[in-house]
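What follows is a single structure, written as structure tokens, with notes after it.
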Amino acid sequence: MNFIDTHTHLYSEEFDDDRDKSIQNAVGKGVTKLLLPAIDKSYYERMMSCAGNNNHTCFPMIGLHPTSVKANYREELDFINETLKHNSTRFHGIGEIGIDLYWDKTFINEQAAAFSHQLDLAIQYQLPVAIHTRNSFEITIELIRQKNNPKLKGVFHCFSGSVEQAQQSIGLGFLLGIGGIITYKNSGLQKVVETTPLHYLLLETDAPYLPPVPYRGHRNESSYIPIIAGKIAEIKNVPVDDVADITTQNALSLFTLIPNAQHPITNT
């Protein structure tokens, strides 16, 4: 079985002591491709070094994380603009972008402006988006609707919303990123996974955060992806091979990891 971790911060400081070993562990578990979402320009060199040193395994995105949106957010966006202008083919998505109103609402207007701008970049460069939403689903999805552009596609990363919100997301052509939260007893995600066709699901870890059971309290890593796949298979009462095959094809298509890929539309 082959898996893809569509969201891991492998380049973060938490992996400085054993990054290569972590990659080897993941590949040993069949997790052969890792998508690296950006945070802000202060992490750019780290991310690109990780991707460059592991160019058959690690694939970078570019973007401004909502919790990094501060008073200088225009400088951050200028950096993204210039980087894409000169090297857009190096990136497999615009992310991690979105709106986070959990920690701080000080820069809510700036977050919305930064998100809207980056959605425009995704349309311009025909790249998918990896969207972070926390306490902000309604405002986030409304900004997407306002674009009214069928070329806009992507994934709601670390999806933790309701069945209704899942249907709204899918209705706009987006996929749902399912991570370790699916293994938590009271997460509420089980019903979402049960009612969502596999063709709209992606696997992710958000490493080093949100590890699945039985690793809660420890650092998350990409080698735990089969645990997430196994839980999805259990909930949907299908072979884990089906989860691996379909979510892998979803990821290959969405993030253009294979040439001329078209996203499947079958509601299996």
Side-chain angles (χ1 to χ4, degrees), residues 1-39 43 46-63 65 91-93 95-96 128 130-132 154-160 175-184 187 189 193 198 201-233 240-241 243-258:
M1 286 183 288
N2 285 319
F3 301 95
I4 295 177
D5 184 351
T6 60
H7 200 107
T8 170
H9 298 280
L10 180 67
Y11 55 88
S12 67
E13 294 88 347
E14 287 87 347
F15 291 96
D16 281 354
D17 292 335
D18 63 348
R19 186 170 291 107
D20 290 343
K21 183 179 179 183
S22 180
I23 294 172
Q24 292 169 8
N25 289 343
V27 172
K29 293 289 187 179
V31 188
T32 57
K33 290 181 172 60
L34 316 176
L35 272 293
L36 308 180
I39 298 174
Y43 281 91
R46 276 180 157 272
M47 180 182 71
M48 297 308 289
S49 175
C50 180
N53 292 334
N54 304 278
N55 61 354
H56 295 295
T57 309
C58 298
F59 302 86
M61 305 184 209
I62 190 167
H65 192 290
F91 302 100
H92 293 264
E96 170 178 1
I131 299 176
H132 171 113
V155 54
F156 277 84
H157 142 67
C158 196
F159 187 83
S160 58
L175 280 67
L176 310 180
I178 305 299
I181 293 175
I182 190 63
T183 67
Y184 302 173
S187 72
L189 261 186
V193 167
L198 278 173
L201 300 183
L202 294 174
L203 305 180
E204 62 167 67
T205 58
D206 200 19
Y209 315 108
L210 300 173
V213 174
Y215 296 101
R216 293 190 75 176
H218 300 276
R219 185 189 71 180
N220 200 2
E221 55 182 87
S222 296
S223 62
Y224 300 156
I225 280 285
I227 297 173
I228 298 165
K231 185 63 177 180
I232 292 173
V240 70
D241 293 44
V243 176
D245 290 346
I246 294 174
T247 58
T248 294
Q249 287 303 313
N250 292 345
L252 290 172
S253 174
L254 181 65
F255 292 104
T256 319
L257 300 175
I258 52 177

Ignoring hydrogens, what is the shortest heavy-atom contact between [X] and [Y]? Give both atom names and the distance.
X: L10; Y: S22; answer: CD1-OG, 4.1 Å
X: C50; Y: L36; answer: SG-CD1, 4.1 Å
X: M61; Y: A130; answer: SD-CB, 3.9 Å
X: S160; Y: L189; answer: CA-CD2, 4.2 Å
X: P211; Y: G217; answer: CG-N, 4.2 Å
X: P214; Y: I227; answer: CD-CD1, 4.4 Å

Contact between [X] and [Y] at the side-chain level, heavy atoms closer than 4.5 Å - yes or no?
X: C58; Y: I23; result: yes
X: H9; Y: D206; result: yes
X: K33; Y: L252; result: yes
X: P60; Y: M48; result: yes
X: Y184; Y: L210; result: yes
X: H132; Y: C158; result: no
X: P37; Y: H157; result: no
X: P212; Y: N220; result: yes

[options] screened by side chain to side chain contact (heavy atoms under 4.5 Å, CB included) with [X], the one that passes:
X: L202; options: L35, L175, I178; result: L175
X: P208; options: R219, E221, E13, H218; result: R219
X: L203; options: I232, V31, I4; result: I232

I need the [X] [atom1] to [Y] [atom2] distance, nearest 0.5 Å.
X: F3; Y: T247; atom1: CZ; atom2: OG1; answer: 7.0 Å
X: E204; Y: I181; atom1: CD; atom2: CD1; answer: 8.5 Å
X: I246; Y: L201; atom1: CD1; atom2: CG; answer: 9.5 Å
X: H7; Y: Y209; atom1: NE2; atom2: OH; answer: 9.5 Å
X: F159; Y: I131; atom1: CZ; atom2: CD1; answer: 11.5 Å
X: N250; Y: D245; atom1: CG; atom2: CG; answer: 11.0 Å

| said: What I want to check is whether the side chains of T205 and D5 have a donor and an acceptor closer together than 3.5 Å. | reply: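 Judged by distance alone, the side chains do pair up.
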| task | May I ask you to say whether R46 pairs ionically with D16, meaning some side-chain N is under 4.0 Å from a carboxylate O? | result |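 Salt bridge: yes.
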| message | Tell me whether T183 contacts the main-chain N or O of V213 through its side chain, where contact means a donor paired with an acceptor under 3.5 Å. | response |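 Indeed, once roles are kept as given, a pair shorter than 3.5 Å links the two residues.
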| task | May I ask you to decide if A244's main-chain N or O and T248's side chain share a donor-acceptor pair within less than 3.5 Å? | result |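 Yes; judged by distance alone, with no hydrogens or angles, the pair exists.
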| For the rings on F59 and F255, is their centre-to-centre separation under 6.0 Å? |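 F59 vs F255: aromatic centres not under 6.0 Å.
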| task | For the pair I39 and Y11, evaluate side-chain contact (heavy atoms from CB on, under 4.5 Å) and give the outcome as yes or no after the intermediate values. | result | CA-CA 11 Å; I39 298 174; Y11 55 88; 3.3 Å; yes
| request: Tell me, with the steps shown, if T6 and V155 meet side-chain contact (heavy atoms from CB on, under 4.5 Å). | output: CA-CA 9 Å; T6 60; V155 54; 5.7 Å; no
